[in-house]
Peer 1: 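I'd like to ask you about the structure that follows.
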Protein chains: 4
Amino acid sequence: MPKVGMEPIRRKALIDATIAEIGEAGSLDVTVTQIAKRAGMSSGLAHHYFGSKEQIFLAAMRHILRSYGDHVRGELAKVSQPKDRLETIIAASFHPLNFTDEAISAWLNFYVYARTTPDAKRLLEVYGRRLHSNLMSNLIQLLSRRRAEHVAQGLAAMIDGFYIRHALQENAPIRSEVIAITQEYLRQNLAHPKQ
Amino acid sequence: MPKVGMEPIRRKALIDATIAEIGEAGSLDVTVTQIAKRAGMSSGLAHHYFGSKEQIFLAAMRHILRSYGDHVRGELAKVSQPKDRLETIIAASFHPLNFTDEAISAWLNFYVYARTTPDAKRLLEVYGRRLHSNLMSNLIQLLSRRRAEHVAQGLAAMIDGFYIRHALQENAPIRSEVIAITQEYLRQNLAHPKQ
Amino acid sequence: MPKVGMEPIRRKALIDATIAEIGEAGSLDVTVTQIAKRAGMSSGLAHHYFGSKEQIFLAAMRHILRSYGDHVRGELAKVSQPKDRLETIIAASFHPLNFTDEAISAWLNFYVYARTTPDAKRLLEVYGRRLHSNLMSNLIQLLSRRRAEHVAQGLAAMIDGFYIRHALQENAPIRSEVIAITQEYLRQNLAHPKQ
Amino acid sequence: MPKVGMEPIRRKALIDATIAEIGEAGSLDVTVTQIAKRAGMSSGLAHHYFGSKEQIFLAAMRHILRSYGDHVRGELAKVSQPKDRLETIIAASFHPLNFTDEAISAWLNFYVYARTTPDAKRLLEVYGRRLHSNLMSNLIQLLSRRRAEHVAQGLAAMIDGFYIRHALQENAPIRSEVIAITQEYLRQNLAHPKQ
DNA sequence: AATGAATGAGCCTTCATTCAT
DNA sequence: AATGAATGAAGGCTCATTCAT
């Protein structure tokens with residue numbers, strides 16, 4: 001039952017299925033056949049579109065990162081004050097859109113996947129650098145370079161830390177608490193810039 | 001030529017080899033044969049001692065957690081003031097003993113492994129609870145319950161966050177910076193308990 | 001935009017592409033998609049014209065055999081003496097037109113292909129019989145039947161032998177040597193018919 | 001049902017099965033599973049011993065070449081006159097031991113296999129060089145260098161030619177004829193060295 | 001105690017072929 | 001006439017696990 005112009009639809013379906021399947025399994029040990037079946041097609045077609053399992057994973061990872069990036073960018077467009085922008089980044093990072101169990105689980109696995117796969121590592125680095133520069137460009141207006149650097153690193157660690165804990169620690173705080181704790185960390189630093 | 005009393009030696013060798021293999025590979029995709037070879041024995045013997053690959057992994061995970069736990073406990077025995085004890089926990093978490101590339105890599109993989117494997121999840125929860133109670137029992141003496149809870153969660157997230165970033169982010173801060181940032185976070189909260 | 005009267009052009013393109021692909025790959029392990037792409041069309045169209053991969057191969061094989069046969073026939077039309085005709089057959093067999101690396105490589109693979117595929121076997125037998133009868137009809141005029149038979153077999157073996165060696169042995173003699181050696185074999189037999 | 005010291009037995013069984021399977025199929029399109037089954041073991045074990053299908057093929061090719069080489073060497077040890085030695089080489093090449101349908105078929109396929117596989121090409125070149133030097137070292141004592149070279153090439157081509165024809169041409173001469181024709185070619189050249 | 005022989009299930013990937021458009 | 005979407009079977013290879021020795 002071949003149809004024309006199916007490529008983007010198929011690719012999208014495969015990416016969604018990949019994230020769902022990984023999220024559900026809790027690991028990258030999902031088969032192409034599983035993914036393809038969930039996406040409503042044969043494994044052969046999945047390979048036809050992506051070439052290999054690795055490419056499917058990378059596309060899914062790219063999708064998650066792009067979604068997150070788009071969301072942050074969209075939110076940042078609404079505010080201009082450095083402090084507001086920093087709070088926006090934090091809020092966006094934990095926004096329900098990016099903070100679904102499924103996405104976090106897949107995300108975490110891709111995060112670790114980067115240890116093995118150079119292309120995944122590259123994607124992760126882009127994400128890391130972008131978050132860092134987003135934080136720094138605002139912090140630098142409020143703090144000394146050294147303090148800004150520290151707070152940027154601290155915030156990034158806290159964000160990643162809450163992600164991993166949310167996915168894996170039973171007693172991790174809920175989303176609202178997570179946001180509160182992270183925002184507090186930020187405000188404290190802005191309130192006492194000399195400390 | 002089989003020898004008697006080899007069991008503990010063999011088990012230790014296998015655990016060390018497992019951590020080393022996982023650390024090197026950057027993932028759990030290591031074969032029992034690889035592990036056994038590195039430990040200087042046949043794969044059959046590895047199964048003889050542990051029963052299954054999963055048990056080998058769990059033993060290695062337990063080993064890492066116990067090492068960390070023992071180290072923290074040892075350090076805590078030397079100090080009694082809540083503030084000192086909190087700083088000790090942070091310092092121990094990033095102590096070179098626990099912060100080797102290899103151990104971090106293996107640790108991270110076990111962390112994710114817990115999503116799939118109930119026994120691993122249980123081990124991780126023990127670690128989580130112990131860290132939390134260690135932090136709380138000291139924080140509660142210095143802060144309100146609610147603030148203590150927040151700071152405990154924030155510290156735990158930061159610790160885990162720095163671990164994962166250290167393993168995976170090219171531009172993660174070095175150990176000394178990591179400690180400085182985390183200790184700052186703690187001190188700030190202790191200095192302004194009402195905030 | 002489909003065009004009319006394309007069939008012969010498409011078929012020719014596919015046959016040429018098949019020979020080129022096989023020659024390049026050095027084996028029959030070429031995909032229909034590769035062949036079709038080289039011929040400037042989709043794999044679907046290749047099937048449309050030939051029905052199956054086997055038919056494509058057979059058509060290519062037929063093409064090589066027909067080219068060779070046409071060439072020999074054309075050259076034979078120019079000479080009438082048995083000895084000249086025999087030399088003509090040898091010369092034609094190693095003529096640059098039939099002795100390109102690509103054609104030899106494809107030819108060899110088809111030769112072996114005949115072991116598996118009845119239709120290919122039939123084609124090969126036609127070639128074999130034709131070469132044999134071409135040689136015999138001339139040799140019989142110069143030698144006894146038994147000797148003629150021997151020389152015909154010897155020449156055929158030498159021709160095939162040089163083909164396969166040319167394709168596969170690094171130190172095989174060059175074309176001019178090949179011709180010289182084969183012609184020598186012929187002349188020796190004609191010079192000493194009783195031997 | 002594992003037993004000790006099985007390796008050489010298994011390897012031998014696999015090599016024999018490979019030659020038989022290829023001979024029967026008439027092509028290299030045989031599966032590892034087929035080969036393993038014929039050799040009385042699982043496909044996994046075949047991989048355990050050889051690592052890959054390619055290695056299995058190469059081992060089988062090596063086996064055929066070594067058998068042939070050993071046989072020739074054994075026969076050559078019995079005669080010392082150049083002419084006798086040359087006739088011995090021819091006779092050995094067509095000896096029933098090396099001239100079974102099965103071995104010829106496998107041999108031919110490996111011959112073509114060499115176009116694709118560098119290691120197979122190397123093996124083939126060794127065979128080619130050895131045959132050439134065997135022929136040359138004797139011919140050079142009876143003929144001029146140039147003539148010796150020609151006859152060596154002619155003989156090699158005829159031998160290969162008869163092999164391929166025997167495998168693939170219905171009307172190829174029988175073994176005794178093949179030997180007669182090749183020996184005649186040799187004697188003719190030795191009888192009229194100036195020609 | 002220790003080995004490594006042996007199995008078999010499972011996965012990724014390829015590809016000829018079909019078919020809606 | 002032409003495309004390329006789609007399938008599904010098949011194959012090479014890996015690996016945890018078992019077991020005879």
Side-chain angles (χ1 to χ4, degrees), chain A residues 1-7 9-10 29-36 40-56, chain B residues 1-7 9-10 29-37 40-57, chain C residues 1-7 9-10 29-37 40-57, chain D residues 1-7 9-10 29-36 40-56:
Chain A
M1 318 107 203
K3 296 160 207 160
V4 296
M6 289 300 280
E7 175 149 358
I9 297 166
R10 295 298 198 185
D29 289 330
V30 296
T31 70
V32 173
T33 302
Q34 276 167 38
I35 293 171
M41 70 195 81
S42 70
S43 68
L45 196 54
H47 275 94
H48 176 64
Y49 282 121
F50 282 102
S52 74
K53 189 182 186 178
E54 184 172 321
Q55 290 306 316
I56 297 176
Chain B
M1 292 120 210
K3 299 159 205 156
V4 294
M6 290 298 281
E7 176 150 356
I9 298 167
R10 296 294 199 189
D29 288 331
V30 297
T31 70
V32 173
T33 303
Q34 275 169 38
I35 293 170
K37 179 169 289 175
M41 70 195 81
S42 70
S43 68
L45 197 52
H47 272 92
H48 175 68
Y49 281 122
F50 282 101
S52 75
K53 189 181 188 179
E54 184 173 320
Q55 290 306 317
I56 298 176
F57 278 177
Chain C
M1 291 119 214
K3 298 159 207 157
V4 293
M6 289 299 282
E7 175 149 356
I9 296 168
R10 295 294 198 188
D29 288 332
V30 296
T31 70
V32 172
T33 303
Q34 275 167 39
I35 292 171
K37 179 169 287 173
M41 70 194 82
S42 70
S43 67
L45 197 51
H47 273 92
H48 175 67
Y49 281 124
F50 282 101
S52 75
K53 190 181 187 179
E54 185 173 320
Q55 291 305 318
I56 298 176
F57 277 177
Chain D
M1 317 110 202
K3 295 160 207 161
V4 295
M6 289 301 281
E7 174 148 0
I9 297 167
R10 295 297 198 187
D29 287 331
V30 296
T31 70
V32 173
T33 303
Q34 276 168 35
I35 293 171
M41 70 194 81
S42 71
S43 70
L45 197 53
H47 275 96
H48 175 66
Y49 282 122
F50 282 101
S52 74
K53 188 182 188 179
E54 184 173 321
Q55 290 305 317
I56 298 176

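Proteins come first, then strands; the chains are lettered A, B, ... in the order of their sequence lines, and each starts at number 1.
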Peer 1: On a heavy-atom basis, which atom in A:Gln55 and which in A:Phe50 lie closest, and how many Å separate them?
Peer 2: CB-O, 3.0 Å
Peer 1: Both A:Glu7 and D:Ser52 contact DNA chain F. Taking the nearest nucleotide for each, which residue is further toward the 5' end?
Peer 2: A:Glu7
Peer 1: NA contact type, D:Thr31, heavy-atom cut-off 4.0 Å: base, sugar-phosphate, or nothing?
Peer 2: sugar-phosphate
Peer 1: For a quick test of reading the model, state the closest non-hydrogen atom pair linking A:Thr31 to A:Lys53 and the distance between them.
Peer 2: CA-NZ, 4.4 Å
Peer 1: Figure out the CD1/P separation between D:Ile9 and F:dT21, and round it to whole Å.
Peer 2: 13 Å
Peer 1: D:His48 side chain N/O closer than 4.0 Å to the phosphate oxygens (OP1, OP2) of E:dA5?
Peer 2: yes
Peer 1: Out of curiosity, B:His47 NE2 to B:Ser42 OG, how far, rounded to the nearest 0.5 Å?
Peer 2: 10.5 Å
Peer 1: Can you tell me the distance, in whole Å, between the CD atom of D:Gln34 and the C1' atom of F:dA10?
Peer 2: 11 Å
Peer 1: Using whole Å, report how far CZ of B:Phe50 lies from P of F:dT17.
Peer 2: 14 Å
Peer 1: Closer to the 5' end of DNA chain E via nearest nucleotide, is it B:Gly44 or A:Gly51?
Peer 2: B:Gly44
Peer 1: Closer to the 5' end of DNA chain F via nearest nucleotide, is it C:Ser42 or D:Leu45?
Peer 2: C:Ser42
Peer 1: Would you kindly compare A:Val30 and C:Asp29 by the position of their nearest DNA chain E nucleotide and give the one closer to the 5′ end?
Peer 2: A:Val30
Peer 1: Just N and O in the side chain of D:Tyr49: are any of them under 4.0 Å from OP1 or OP2 of E:dA6?
Peer 2: yes
Peer 1: If I take atom NZ in residue C:Lys37 and atom C1' in nucleotide F:dA2, what distance separates them, rounded to the nearest angstrom?
Peer 2: 16 Å
Peer 1: At what distance, to the nearest 0.5 angstrom, does CD1 of D:Ile9 lie from OH of D:Tyr49?
Peer 2: 9.0 Å
Peer 1: Specify the separation, in whole Å, of atom CD1 of A:Ile35 and atom C1' of E:dC11.
Peer 2: 12 Å
Peer 1: Can you tell me the Watson-Crick or wobble partner of F:dG8, both distances under 3.5 angstrom?
Peer 2: E:dC15
Peer 1: Taking NE2 from C:His47 and C1' from F:dT7, how many angstroms apart are they, rounded to a whole number?
Peer 2: 14 Å
Peer 1: Once you round it to whole Å, what is the distance between P of E:dT14 and CD of A:Gln55?
Peer 2: 12 Å
Peer 1: Give the nucleotide from the list F:dA2, E:dT17, E:dA5 with an atom nearest to the side chain of C:Lys53.
Peer 2: E:dT17
Peer 1: What does F:dA1 pair with, Watson-Crick or G-U, if both distances are under 3.5 Å?
Peer 2: none
Peer 1: Can you tell me which nucleotide in E:dT13, E:dA16, E:dA6 comes closest to the side chain of D:Met6?
Peer 2: E:dA6
Peer 1: Give me the atom names and distance for the closest heavy-atom approach of D:Ala46 to D:Ala36.
Peer 2: CB-CB, 4.2 Å
